[in-house]
2 protein chains.
Amino acid sequence: MTATQELTKNQSLVFDALTRAEGPLSAYTILDQLRNNGFRAPLQVYRALDKLLDYGMIHRLESINAFVACSHPHDHGHSHGMIAFAICEKCGQVSEFSDDVITARVREWTNGNGFKPSKTTIEIRGVCANCGTA
Amino acid sequence: MTATQELTKNQSLVFDALTRAEGPLSAYTILDQLRNNGFRAPLQVYRALDKLLDYGMIHRLESINAFVACSHPHDHGHSHGMIAFAICEKCGQVSEFSDDVITARVREWTNGNGFKPSKTTIEIRGVCANCGTA
DNA sequence: GTTCGTATGTGATGTTATTACATTAGTCAA
DNA sequence: TTGACTAATGTAATAACATCACATACGAAC
Ligand SMILES: [Zn+2]
Ligand SMILES: [Zn+2]
Ligand SMILES: [Zn+2]
Ligand SMILES: [Zn+2]
C-alpha cells in the first residue's frame with residue numbers, strides 16, 4: 001500500500017491536502033481545509049494521518065506538531081537510514097535529507113549502549129537560505 | 001545565572017521537581033506536584049520552565065512534550081556541540097549525549113545549504129538496556 | 001519616593017490529541 | 001443468504017498541552 005489511488009477516501013483527502021500545501025500543516029488546519037469535503041471532527045484527520053505515517057507517505061514534525069508530505073515519493077519507507085528535517089521558521093519550508101554518517105553514528109551509540117531504537121527524530125529549526133538573504 | 005541558589009522561588013521549585021524526578025515530567029505533572037507549594041496555574045510552571053531552558057539547566061523533549069533536568073550540571077550551556085537524547089519508552093529514563101561527528105555533519109549540511117540553525121533536536125525513542133533485557 | 005524591569009497570581013482561552021461509542025461498508029465462509 | 005469478521009467512518013465529549021490578558025508585588029536604580 002504505497003500508491004495514492006489505493007488510499008481510502010479520507011486518507012486521500014488528507015494526503016492531497018498535505019501534498020498541495022507549501023509547508024507543514026497542523027491536524028486542525030487540515031481539518032478546516034476539509035470541512036467542505038465532509039470532515040467534521042479531529043479524529044477523521046488523525047486516523048488518516050496515522051495510516052499515512054504507517055505507509056511512510058508523510059512525516060510528523062515533532063518540534064512543531066505538524067505534518068508534511070514526504071518529499072521522496074519513490075522511497076516512502078526510507079528503507080536505508082534515518083531522515084533529518086530542516087524547518088524554516090520564517091517561510092515554513094521543510095527540507096528533508098538523510099545522512100549515512102549521522103545514521104551510522106546514532107547506531108554506534110545505540111549499539112554501544114544496548115538501546116533498541118524505534119523512532120529517531122532529527123529536526124533543525126532555523127532560517128532557510130531564501131529567508132536569510134531576503 | 002547558572003547556580004540553583006540564584007533562581008527565583010518558582011524557578012527553584014520547578015528545577016528541584018525535575019531534579020528529584022527519575023525521568024522527564026510534563027508541565028502539568030510539575031504543576032500537580034507543586035500545588036502544595038502554592039502553584040495554581042500552568043503559567044507559573046511554563047514561566048519557570050522558560051527561564052530554566054534559557055539558563056540551559058533543563059531540556060525540553062519535543063517528541064514527548066516533557067522536560068528533564070540537564071544531566072551535565074557543570075556544562076549547562078553545552079557550549080560545544082549539540083545534544084542528543086535517548087528516551088526509554090518503558091521506564092522513561094533519558095540518556096543525554098553529544099557527538100562531535102553528528103554535530104559536524106549537521107553543520108556541513110546547514111553551511112552547504114545556507115541554512116541558519118537556531119535549535120536542533122535529536123531524540124531517539126526506544127527501549128533502554130535495562131528494560132530490553134528484563 | 002518614583003520609575004522601571006522582573007517576577008508573580010489568576011482566569012480565560014487557544015491548540016493539539018485521545019477516548020468512547022455507534023454506524024457503515026466490504027470480505028468471506030457456512 | 002445469512003452470519004461473522006475486519007476495516008473504515010461519524011460524532012460527541014474529554015484530556016493534554018500551551019498561551020493570552022490583565023492585575024499585582026517586589027527590588028534595584030535614580
Ligand atoms: Zn520522507
Ligand atoms: Zn524560509
Ligand atoms: Zn544537558
Ligand atoms: Zn528503560
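Nothing here was measured: the structure is a model prediction, and the numbers come from that model. Hydrogens, waters and symmetry mates are skipped; everything else that's a heavy atom, side chains included, is used.
A/Arg125 has a carboxylate O that lies under 4.0 Å from a charged side-chain N of B/Glu62, or vice versa, which qualifies the two as a salt bridge.
Between the side chain of A/Tyr28 and the base of C/dA17, at least one donor-acceptor pair of N or O atoms lies under 3.5 Å.
Annotation: the span from B/Ser63 atom OG to B/Ile122 atom CD1 amounts to 12.5 Å, rounded to 0.5 Å.
When each of D/dT9, C/dT8, C/dT18 is scored by its nearest atom to the side-chain atoms of B/Thr8, the top-ranked nucleotide is C/dT8.
Sorted by first and then second residue, the salt bridge (Lys or Arg N to Asp or Glu O under 4.0 Å) pairs with a member in residues 20-34 of chain A read A/Asp32-A/Arg35; sequence neighbours excluded.
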Can you pull every protein N or O that's under 3.5 Å from an N or O on nucleotides 26-28 of chain D?
none

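Distance CG (B/Leu13) to C1' (C/dG9): 15 Å, rounded to an integer number of Å. Between B/Lys9 atom NZ and D/dA25 atom C1' the separation is 12 Å, expressed in whole Å.
Using a 30° and 60° split on the angle between ring planes, B/Tyr46 and B/Tyr28 fall in the perpendicular class, above 60°.
Remark: A/Asn65 pairs with A/Arg60 by the side-chain contact (heavy atoms from CB on, under 4.5 Å) rule, at least two apart or across chains. With sequence neighbours excluded, the residues that form a side chain to side chain donor-acceptor pair (under 3.5 Å) with A/Ser71 are A/Glu96.
Within residues 43-53 of chain B, the residues having any heavy atom under 4.0 Å from DNA chain D are, by residue number, B/Leu43, B/Tyr46.
Within the 6.0 Å centre-distance limit, the rings of A/Phe85 and A/His59 are counted as a close aromatic pair.
Two residues, B/Asn10 and A/Ser26, neighbour DNA chain C, and the one matched to the more 5' nucleotide by heavy-atom proximity is B/Asn10.
Relative to the axis of its first five pairs, the axis of the last five pairs of the helix from C/dG1-D/dC30 to C/dA30-D/dT1 sits at 10°, rounded to 10 degrees.
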